[in-house]
Each structure stands twice: as structure tokens, then as C-alpha cells.
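Here the structure comes first, spelled out in C-alpha cells, and everything after it is commentary.
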Amino acid sequence: MTRKAKRLYSIGAMFVVVGGAMALVLTALSSSVAYFQSPTDLVKNVPGPAQRIRLGGLVEDGSVKRDGSSEIFFRVTDTVDSVPVSYTGILPDLFREGQGVIAEGTLGPDRVFLADTVLAKHDETYMPKEVVDDLKARGLWEDGKGLVKKPEETVSATPVGAGS
Amino acid sequence: MIVEIGHFALVLALSVALFQSVLPLVGARQGDQRLMETGTIAATGGFVLIAIAFSALVTANVTSDFSVLNVFENSNSAKPMLYKVTGVWGNHEGSMLLWVLILAFFGSLVALFGRDLPATLKANVLAVQAWILAAFLLFILLTSNPFQRLDPAPMEGQDLNPVLQDIGLAIHPPLLYLGYVGFSVAFSFAIAALIDGRIDAAWARWVRPWTLIAWIFLTLGISMGSYWAYYELGWGGWWFWDPVENASFMPWLAGTALLHSALVMEKRSALKIWTILLAILTFSLSLLGTFLVRSGVLTSVHAFATDPTRGIFILCILCLFIGGALFLFALRASSLEGGGLFAPISREGALVFNNLFLTTAAATVLVGTLYPLVLEVLADKKISVGAPFFDLTFGPLMVPLLFAVPFGPLLGWKRGDLLGAAQRLYFAAGCALAALIGVLAYTGGTRILTAFGFALAFWLLAGSLTDLFLKAAFLRTGWRTGLSRLVGLPRSTFGTTLAHFGLGVTLLGIVSVSSFEEELITTMAPGQTAEIAGYTLTFDSIAQRDGPNFEAQAAQFSIRRGGVELAEIDTSKRFFPVRQMTTTESGIWTHWFSQLYVSLGDPSEDRQSIVVRIWSKPLVTLIWIGTIFMGLGGVFSLADRRLRVGAPARNKGKGAGTGGSPAVGAGA
């Protein structure tokens, strides 16, 4: 084999692998990513039953209900609209009423959001970034101040200074 | 006072680094030995200064000096001593200081152990190291000063994030940083070679040990982080394709590729340009990882603080270094000579195959990690790319690569015999086939993908041992001679075998857990039992058990099989009053390589019962045991390298003795 033929050979192999990988990436990006939506978005535009959604907002106060088994119901609100969510499993340690949350899953036929993953991150001052951006866009959140208009009375869970 | 000394040492280290980034370079240009030597002194001195700064921060944490903002925000007098020390790097400022400390540590190692290097190369390498060091010291001093005072000083601190109050914090970040930052040495060597405009096989011989060290630490650091997340977060998962995990995984993939391509360059002096590029890319991915984690652009467990100025600062450093390096590469690459020729089917060819797949895989991970960010900036759309994306892209790319692994070491340099290699792998193929049939029979033919996964794992396990077995020639020479031949084999052969074997072990764990894991979520009251994977779990009791800075609800389970009690599991929920946070302490019972994993949820409304999540995870520990094999392989390879680096140095010493000049000929 000449040097030129070898070069063609290796460039061809590269194209096959890189091209294949690109095809995989494009398919995966069109089929397996989840879109972030606020409760208002979700009420306005009902997505298809297969579309994965990341629903972000605050856990509505007084909405968390357990039915005795491990299934949990709660509502996610952005202070304008709210969506009922059903989830089976163990909630993250930081899941609390009035706090930011992201539920990932699909919207069921009865308009109840079926979450398979619930995220509330590991920091008490943490609000999911998507949720903050969304609230900011509607003037409900200001940098440094947090939630300007609280959905309900929520006691600040942020400890200041002295501990016990 | 100590805090001010630390701050001052840091400022001093910056000025030393600034000198170090210019003087040796000028010295190398002018052939001035004394100026070049300043690099060695500055690198060592810089490390000592940063070590002083770091010790000052440790002291402030240990003595709970809440007049320091960083200590106030992340410590508490009730926090156990271990976490007072490890908490130093459990926050943004401290972890950046650790980053810089390790960078300076590697710089001083090059300065001390690089005596055999040509003087100009060493001077250039140290100068490039100093550029990186200066940039990050500036970053710390301007945007994230850990020595910021607080006036008036508060009485008590806000405590460390409870999730981080774990032994994992003592091990994971230092290991990871030793890996991440260790690749800076390969980067500096690449830039130094480009500045010099000269590069040869010896370059690869110098770079490979450094890359290998970094790679070993990164491998263990990632693995440790994975196990920590597995037992601490209580979600039972060992890898989440979280952007921050990807940030450490991308340099690992690129670094693994670099190890293999440097081998080709060292042995056959081919793939020079590619290896240089890969060295640049690997550290660039490390820098990108630092940016992703430290800038707060991503929502993640690891994002300590969100301060836009920090993000922009690191982004500038990132652009400067990656852009500058690639620009220099574009200018100089064409002047580098191509190396030895080889047939597509050869050891070199196999290593190119490895590089092609590893870098493509790293690229898909990069796309999956950055795509949401790009889309948000450009189209203002918010999406998340999770496990399904990576399963679809990364998975298929790994299959051909893993299949090819056993062939690589069996192919000859320059021109290999694929058919011959395939014939020698008949035993491995037999193992794979047996695994395939075994799994199909066990699952009743329903799990075809699982069966192929197991087959691939056994193919890797047996295939990697084949090379060792054949080199020892057990069959030809008999067991006794074979054994003595085995001991006499070069250590790098053991290194390759161990690393590839480890890959097989990890794959076996992954395939087993993802196919045969069982999960049970149920509500239990004391006295009740649950059945999983043939075991009976009894919820014995729940009691209040408090620790130094937390209150805990501890539950006890006993595990029985066929009425015989096998073990007890303790699991608890801890509440940290200072931070008002709860953490889950999962209960894990390890039997052989498998584990039963129990974590507690919330109590029911009447508080009589509690939600319990139980997993059976067959062979799960193999995932991490495999990485230990990989690291061990790296250590063996490193031991071999040192011997081989020593050999030419001895020759040179002899030559110099007769020639009379002890100076390095290659220096001019």
C-alpha cells in the first residue's frame, strides 16, 4: 500500500467513526432531551404524552399528600398557575413546601404530571437555576433578595449567624 | 496574624510566579544557564509559599477562627476535627487554593526531578507552568480570597454543608485535583516543545510518566467520587451523567487516549503532531471542567457559589490558554516532522483506533454537556441532557473499542497479523461465548443485550490475560518455566494487562447492575419484613441517636435468608440544626461483590411507619474494584518507565565522562 492509499484509508476510517458518532448525537438530541417548562407553560401548551418535561417551580404550601403507600402527590406552582404532580419513591432530603423543585417526567392524560425524578438540590439556599430565571423573567424574583412576592407565608429556612 | 501571613504568602507566590513565567523563557532564548536555573528555584519557592498559605487556611479552620469569612461560612465549632480539616477544600475559595497548591506541587516536582531534561526544555516547561499558576493565583486573589476578614467576628459559624461532612471529602477532591491538574505538566511540555519547535521520541518518554501519574490519580479520584455519591446521596446510583461528573470524565478519556498515543510516539516516533494536540486538549478539558464546576453556570451538587465575575474570569483564563495553545499549535505543527510508517493492521494502527474512538467519545460527552448551555444562550430554550442521551451516544462508541482491546497488545509493531491475533484469542472467545450462552439460559433467552454485555466483559477479562499467558509461554515451556518467565516480564506488560483487565471488571459490574438490579419502595413499620432478591429484610427498630452536630433517626434492619440471620444494616436520617438540612445515611451490606442497599424516606403522616427504599445490587462493587486494577496497572507501568528512563541517562553519563563536558548537549 502506498503512503497515499494509507492516508486515504485512515481518513476514511475517521469519517466513518466521526460521522457515525454525529448521527448518534443528532438522533439522541432530537429524541432524548427534556425541555424545561414552568407550570404556566405546561397549562398553556399541553405536550404530547411521550415528551419528557422538566417541570420547575415551587412546591405549593399545604399541597403535599401521602396516601399511605409510597406514592406522593404535590403541586408545583410558579405563583401564577400550578400543576398536580404524582411521584412514587423517596423524595430528596431537601424537598420542602415553599422551596424550589424540579420534577422530571411526562404529563399524564388526566393532566397530572407523572414524575420519575424529583430534584431538590443539596443546599438550603439553593433554588434550581431554571426556576430562578423563570421567576426573574416575571418579576417575582430579584438577585440578592430572592423571592419578592412569596406564594404564601413561608418561614425563612436560611439560618443566620449563631447556631444553637 | 497567621491569616495575614497566609494572604501575604499568596501575594508573594504570585510575584514569584510572574518572574518564573518570564525569566527561564528569556534564559532559554539566550542560552543563559543562570536565567534558566531561576525556574527551578522559583518553582520550588512558589510551592513553599502556597503551602504556607494553605497551612494558614487550615489553621484558621482548625482553630475555628470565625473572623475569617470563609471559615464563618463553612465551619462550626461543633464540627468534628476531621471535617474541620477537610472542610478547607469543601468550599469554592478553599478548593481553588488546593487546586493551585497541587499545580505548584507538580511544578516543583518537574523542577526537582527534571534534572535529566535538556535545560531549555525544562526552562520552557517551568515557564508555562508559571503562566497557569499566575493566572489562577490572580483569580484567587481578585475574586475568591479565602483570607477575607469579617468585622465584627461572629460567635459561631454556619457549618459545612452536611453532605460534605464525610470521609469522602478527605479523599475525593485531592485525588481528583492531582489528576486534573497533573495533566498541566503534559500541557506545559507540549507548549514548551512547540516554543522550541523541536520534538522527538525522547519527548514522549519524558511526558508519559507525568501523564501516567495524573491518569492514575484521576482514575481513582473519579471512582472514589462515584462511590461517595453512591452511598452518600441515598439514590443508589453510581453515575448520573451530571455535567460535573462529565467535566472530570472528559479529561480522563482524553488522557487515556494521550497515554496510548504517547506510547506510539515513544516507540515508533510516529503520531507526533497528534500527541502534542492531545496533550493540549487533555489539559484544556481539565480547565473546562474547572470552569464548569467553579463558575456556577451549571446547576449541580458541586456548584458551591454563583458569582458571575468568577465565571467570566475563569472563562477568560480558559480562552487565553486554550486559544493561545491552539494558535501556537497551528503556527508550529506544520514544521514538525512526521514519523515512522505503519500498516493499518499493526500495534500503531490499534492505538490509532483506540485514539479515534476515545476522542470521539470525549467529543460526544462534550456535546451533551455543553449543548444545553449553548442552546440557552443562543435560543433561550432550556433543556436538560441526561442519561438517555449518553446511553445512546457514548454506549455504542464504547462497544467496538472494548471489543478491540484484547487485539491491541497481540499485534506487532509496524505490521501486525490480525488472523494470528484472532487465533490466539480462541480461549477468550470461548469464555465470551460461554458467558453469552450462560446468561441466555439463566434469563430464558429474554435478555439478549445483557447476554452480549456479559460476553463483552468476559472477552475483555480473558483477552487481557491472554497476552500475559502467551508471553510467559506456559503451554510451550510448562508451568515451572512459564512462571519464572512470567516474573521476568517487563512491568509495563503487567501494567497493560492489569489496566485492561480492570476495564473488564468494571464493565462486568456495570452490566450486572444495570441488568439485574432489583428495587423495592415500600412503607414499613417496626417488625415488618420485606422480600428482595431472595433475602428477607426485617425492620427491627428505629431510635433517636444524636451525633456531635446533628440529630439522627437511626433504623436497624436485619437480613435473613432461609431463616438464617446474615447481617444487620444501620441506616439513618440526620438533621443538621445549624444548616436546617437533612441527609440520608444509606445502609449497605456487602456480601462478596454484591450489595444490599437501604435508605430511609419520610415517615408517614401518623408517624407509625416510614418509607423505605431497598435495592439489591449484584456485583456492584466490581465497578470500583475495576478502577483499582486500572490504577494498579498504571503504577506497574510507571515502575517500568523509571527503569527505562534511567537506562539512557546512564549511557549519557558515560558519554559525558569521556567527553568531559557534564552539560547537556541537547540544550543549545
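A note on names: the letters A, B, ... follow the listed sequences, proteins ahead of strands, and every chain is numbered from 1.
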If you measure from the Lys or Arg side-chain nitrogens to the Asp or Glu carboxylate oxygens, is any gap between B:Arg613 and B:Glu519 under 4.0 Å? yes
Using heavy-atom distances under 4.5 Å, tell me whether A:Gln37 contacts chain B through its side chain, its backbone, both, or neither. neither
So, for A:Val118 and A:Phe95, which heavy atoms are closest and what is the spacing to 0.1 Å? CG1-CD1, 4.0 Å
Do you see a donor-acceptor pair shorter than 3.5 Å between the side chains of A:Asp116 and A:Tyr87? no
Toward chain A, the part of B:Phe575 with a non-hydrogen atom under 4.5 Å: neither
Pairwise distance CZ(B:Phe389) to CG(A:Leu29) - rounded to 0.5 angstrom: 4.5 Å
Please determine, among B:Thr364, B:Thr584, B:Thr359, B:Asp159, the option with the most heavy-atom pairs under 4.5 Å with chain A. B:Thr584
At a 4.5 Å cut-off on heavy atoms, which part of B:Ser77 comes close to chain A: side chain, backbone, both, or neither? neither
May I ask you to check whether B:Lys414 and B:Ser346 show a side-chain donor-acceptor distance below 3.5 Å? no
With a 4.5 angstrom heavy-atom cut-off, could you sort out which part of B:Val352 is near chain A: side chain, backbone, both or neither? neither
At a 4.5 Å cut-off on heavy atoms, which part of B:Thr360 comes close to chain A: side chain, backbone, both, or neither? side chain
